[in-house]
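None of the values given here were measured: they were computed from a predicted structure. The chain is numbered in sequence order, starting from 1.
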Amino acid sequence: LFYGASIPACILIINKKKKPERKGKILIINAADEYEENKAKNALSDENVAKVASAFKAYEDVERFARVVEIDEIVKNDYNLNLTRYVQTAEDTPEIDVSAEWKKLQKLLTKRDEAEAKMKAFLKELGYWAMKRGYKDTEIGEIPIDWSMKPLNDIVLQITDGTHKTPSYTDKGIPFLRVSDIQEEKINWSQVKYISEKEHAELVRRCHPEKGDILLSKNGTIGITKIVNWDEEFSIFVSLCLIKIDKQKKNIYSLYLEKALSSEFCLNQIKLREKQGSVTNLHLEEIRELQIPLPPLPEQKKIAEVLSS
């Protein structure tokens with residue numbers, strides 16, 4: 001059939017004199033694997049032909065080969081007769097728990113880092129390891145001596161989250177942001193929810209996001225960061241964490257902190273601390289404990305500029 005064509009072909013057999021018990025049903029046979037390979041062209045062996053003919057005559061289900069399908073099911077599939085939609089010939093692959101595998105990987109990476117630290121210590125004792133001048137050893141490796149490692153809570157003014165209660169939405173008013181609103185590079189303000197000015201006034205008494213602050217997703221899809229670079233008022237849901245910069249201290253550049261929080265180093269910390277349930281959660285306590293590499297302010301600005309370019 002279709003000699004010289006490389007596309008798969010199928011045969012439709014139409015029978016106007018179906019037995020009553022077969023009406024409203026279609027026998028679908030997926031014989032895609034029933035052939036013998038030859039150099040010039042593939043061919044059906046006698047055994048292949050017999051298997052297809054036997055299934056056609058039997059008109060019953062054969063695992064990974066044939067299936068009697070009700071017309072209603074085909075209608076629900078918009079009359080799609082793609083064979084593999086109804087008969088899969090491949091073996092079922094075991095479902096992979098990505099979250100569990102990720103945690104296993106993180107444990108292995110931790111063990112690797114611990115082994116590397118021990119080896120480095122032995123090499124230092126034996127005089128084979130010389131640290132670069134002007135550097136010091138930390139949990140993330142060698143860093144410049146004027147850098148420090150500090151928990152996030154020690155370098156910002158406030159770490160909190162949005163309201164834990166679903167507000168009353170309105171057609172217009174004050175924007176109300178959720179995790180889904182910060183997943184793209186730019187917020188689509190035409191798609192966000194709105195709340196009344198009165199409810200917004202109540203919410204900002206506890207959590208008041210302002211320009212220069214940082215948003216971090218903590219429920220569902222965690223680890224997404226967004227720096228607040230607009231002046232308009234808005235409120236946030238519990239799924240977002242608000243990290244408020246202390247503008248008086250001038251110890252941290254907000255764009256640098258946003259880049260640090262989205263770095264592989266911080267994301268690995270987040271993955272190790274996240275809580276698994278029906279929804280993945282990152283508690284405020286875990287966020288406050290995140291270790292942040294802290295260079296001097298001028299260097300923070302240079303790093304942020306390079307990473308933003």
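Among I287, I243, I270, the one residue that satisfies the side chain to side chain contact (heavy atoms under 4.5 Å, CB included) test with L261 is I243.
Because its NZ or CZ atom is both nearer than 6.0 Å to the ring centre of F65 and within 45° of the ring axis, K51 counts as a cation-pi partner of that residue. Cation-pi geometry between K193 and Y169 is satisfied (NZ or CZ under 6.0 Å from the ring centre, within 45° of the ring normal). Taking the centre and axis of the six-membered ring of W102, the NZ or CZ atom of K271 falls inside the cone set by 45° and 6.0 Å. Relative to the six-membered ring of Y253, K301 meets both conditions, a distance below 6.0 Å and an angle of at most 45° to the axis.
A donor-acceptor contact closer than 3.5 angstrom links the side chains of N48 and S45. Side chain to side chain, N30 and Y86 fail the donor-acceptor criterion of an N or O pair below 3.5 Å.
Remark: side-chain polar atoms of Q300 are paired, donor with acceptor, to backbone N or O of N251 under 3.5 angstrom. R206 contributes a side-chain N or O that, together with a main-chain N or O of D161, makes up a donor-acceptor pair within less than 3.5 Å. K249 places no side-chain N or O within 3.5 Å of a backbone atom of I155 that could act as its donor or acceptor partner. Put simply, the side chain of R288 gets close to the backbone of I159: a donor and an acceptor are under 3.5 Å apart. No side-chain donor-acceptor contact under 3.5 Å links N77 to the backbone of I74. A donor-acceptor contact shorter than 3.5 Å is absent between the side chain of D78 and the backbone of N80. With hydrogens and angles disregarded, a donor-acceptor distance shorter than 3.5 Å links the side chain of D97 to the backbone of A100. When atom types are taken as modelled, the side chain of K244 and the backbone of H208 share a donor-acceptor pair closer than 3.5 angstrom. No donor-acceptor pair under 3.5 Å is formed between the side chain of E101 and the backbone N or O of I96. A side-chain donor-acceptor contact under 3.5 Å links N188 to the backbone of S190.
A heavy-atom distance below 4.5 Å is found between the side chains of W230 and I187. The closest side-chain heavy-atom distance from V156 to L257 is below 4.5 Å. Within the 4.5 Å cutoff, side-chain heavy atoms of L307 are placed close to those of I303. Residues L215 and C241 are not in side-chain contact: their nearest non-hydrogen atoms beyond the backbone lie 4.5 Å or more apart. No side-chain heavy atom of K25 sits less than 4.5 Å from a side-chain heavy atom of I71. Residues E202 and T163 form no side-chain contact, since every pair of their non-hydrogen atoms from C-beta on lies 4.5 Å or further apart. Side-chain contact between P175 and E232 is absent, with no heavy atoms from C-beta onward closer than 4.5 Å.
Separation of atoms NE2 (H200) and OG1 (T170) is listed at 12.0 Å; rounding is to 0.5 Å. To the nearest 0.5 Å, atoms CG (N229) and NZ (K186) are separated by 10.0 Å. In this structure, CD1 in I174 is found 11.0 Å from CZ in F234, a value given to the nearest 0.5 Å. I292 CD1 to M149 CE: the interatomic distance, rounded to the nearest 0.5 Å, is 7.5 Å. Taken from OG in S308 to CD1 in I227, the straight-line distance is 8.5 Å, to the nearest 0.5 Å. D146 CG to L294 CG: the interatomic distance, rounded to the nearest 0.5 Å, is 10.5 Å.
Cluster annotation: I224 and L290 are assigned to distinct hydrophobic clusters (Ile/Leu/Val/Met/Phe/Trp/Tyr, side-chain heavy-atom contacts under 4.5 Å, transitive). Cluster membership check: I245 shares its hydrophobic cluster with L216, using side-chain heavy-atom separations under 4.5 Å among Ile, Leu, Val, Met, Phe, Trp and Tyr. Hydrophobic clustering places L255 together with I214 (ILVMFWY residues linked when any side-chain heavy atoms are closer than 4.5 Å, directly or through intermediates).
Salt bridge absent: K226 and E184 never bring a charged side-chain N and a carboxylate O closer than 4.0 Å. Remark: E305 does not engage K302 in a salt bridge, criterion side-chain N to carboxylate O under 4.0 Å. Using a 4.0 Å cut-off between charged nitrogen and carboxylate oxygen, D61 and R67 do not count as a salt-bridge pair.
More than 12 heavy atoms of other residues, nucleotides or ligands lie within 6.0 Å of CD in E21, so this atom counts as buried by the packing criterion.
Pairing each heavy atom of V52 with each of I29, the nearest pair is O-CD1, 4.0 Å. Looking at every heavy atom in both residues, Y59 comes nearest to V68 through O-CG2, 3.6 Å.
Here the two rings, on F237 and F176, have centers that are under 6.0 Å apart.
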